[in-house]
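Structure, as structure tokens:
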Amino acid sequence: MPSPSPTESSQQKRVLSGLRPTGGVHVGHLVGALGNWVQIQEKFDCYFFIADWHALTTHYADTSQIQKHSLENLMDWLAAGLDPKRAVLFLQSRVPEHAELHLLLSQVTPLGWLERVPTYKEQRENIRDKDLGTYGFLGYPVLQAADILIYKADFVPVGEDQVAHVELTREICRRFNGFYGPIFPEPRPMLTSFPRLPGTDGRKMSKSYGNAIFLSDTEQEIRTKVSSMLTDPARARKSDPGNPDVCPLFSFHKIFSPPATVEMVNRECRRAGIGCVEDKKLMADSLVQALSPIRERRIEYEKNPKQVWDILEEGSKKASRIAQQTMEEVRDGMNLSRTFQSPVRAAKADQKPKKPAPAKKEKSTSD
Ligand code: TRP
């Protein structure tokens, strides 16, 4: 799926994306999502939201932190440069139309499509401490499709791991339009140009792995985390030449350090001219420098959480207006309109039943 070309960027095209409030926002989110959102909010009609209902699909057993995380995530977003004047920033659960559309889309979504989603299979196998054998978890991508379609989004900025969900949204969109008329445009994924940032242990950065550097971390916390970072595992001694290409530290340098430092580290590491300890110190300096303005802004928001909540409230109202309009079209298309229909009109509709679109050819016969 090609990403949109620069000529497609216009105020008219709508962009939508979300993040789940399952914990703090970390540097991986900043590089992979937020940094990109901050740039595109200048060029597109942007909707960014906190997907608290999606957080429930895995965290349903303990909901005590969800509201706190939603508020804190918004603080991180604002501190990172998202601007409520340029983008609509909202909370999923404050726009209940997402749930209504989710229910309607779920009627036309074949089970087999959901069972084959790669993230579904992966997470069922890998997440052992939670029971994910729930209806809600299987339906995760249908809720995501509702999030996207309800705003008629043209583009969905996501990382690689979410592309399958956008593809599924397109399939649900086509099937829905086939039954009820052309209501939704087909959204396209918009891939970020940044590579995925590893965590301090070299695996994907994730709160649940305990390898994340958070936007809320203090300078001291950042330095401590960086000092314990994994480097090229084959470089046992300082006198051994290292390989920056496999070193998680170097991935950070490429993003956060000035070009001259990147060039120097790249050269000197390979000829054992610089050791990992010194290298970490340089990287920590760059990271602290990049994150400190964000942290300073965050501290201001922390002092005034009500103001942050109000931003979410305002944004949710704006989002609701669009969601409500779309739901009127959807209800009309499905003969669920809330306005009075005369029996004559209903009888006419009876005479020309809509032809259902065939479901996509199934590869397996089990569903
Ligand atoms: N599934 C996304 C994630 O885990 C979050 C999400 C929910 C989302 N709804 C969305 C992303 C709609 C893009 C569009 O990161």
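All ligand and atom numbering here is 1-based and tracks the order in the structure. All values derive from a computational prediction rather than experimental measurement.
- Between Arg267 and Glu263 a salt bridge is recorded (basic side-chain N to carboxylate O distance below 4.0 Å).
- Ranking the protein heavy atoms by distance from atom 2 (C) of ligand 1 puts Gln162 OE1, 3.3 Å first.
- Atom 9 (N) of ligand 1 has Asp147 OD2, 2.7 Å as its closest protein atom, hydrogens excluded (heavy atom only).
- Listed by number with element, the atoms of ligand 1 under 4.0 Å from a non-hydrogen atom of Leu16 are 12 (C), 14 (C).
- The distance from the CZ atom of Phe137 to the OG1 atom of Thr119 is 7.0 Å, given to the nearest 0.5 Å.
- A ring-centre distance under 6.0 Å is not found for Phe49 and Tyr151.
- Atoms of ligand 1 lying under 4.0 Å from any heavy atom of Ile148, numbered from 1 in the order shown and given with element: 12 (C), 14 (C).
- Ligand 1 has a nitrogen or oxygen under 3.5 angstrom from a nitrogen or oxygen of Gln144.
- When heavy-atom distances to ligand 1 are checked against a 4.0 Å cut-off, Leu143 has no atom that comes that close, whether in backbone or side chain.
- Neither the backbone nor the side chain of Gln92 comes within contact range of ligand 1; no heavy atom lies under 4.0 Å.
- From Ile66, atom CD1 reaches atom CG of Asp52 across 5.5 Å, with rounding to the nearest 0.5 Å.
- Looking only at heavy atoms of the protein, atom 7 (C) of ligand 1 is closest to His54 ND1, 3.3 Å.
- We find that Glu328 and Arg331 are not joined by a salt bridge, their nearest charged nitrogen and carboxylate oxygen being 4.0 Å or further apart.
- Atom 5 (C) of ligand 1 has Gly18 O, 3.5 Å as its closest protein atom, hydrogens excluded (heavy atom only).
- Side-chain heavy atoms closer than 4.5 Å link hydrophobic residues (I, L, V, M, F, W, Y) into clusters, and following such links, even through other members, never connects Leu287 to Val265.
- Put simply, CD on Glu329 and CD1 on Ile150 are 11.0 Å apart, with the number rounded to the nearest 0.5 Å.
- Close approach to Val156 involves these atoms of ligand 1, each under 4.0 Å from a residue heavy atom: 13 (C), 14 (C).
- Geometrically, ligand 1 and Tyr140 share a nitrogen or oxygen pair separated by less than 3.5 Å.
- With rounding to the nearest 0.5 angstrom, the CD atom of Gln123 is 7.5 Å from the OG1 atom of Thr58.
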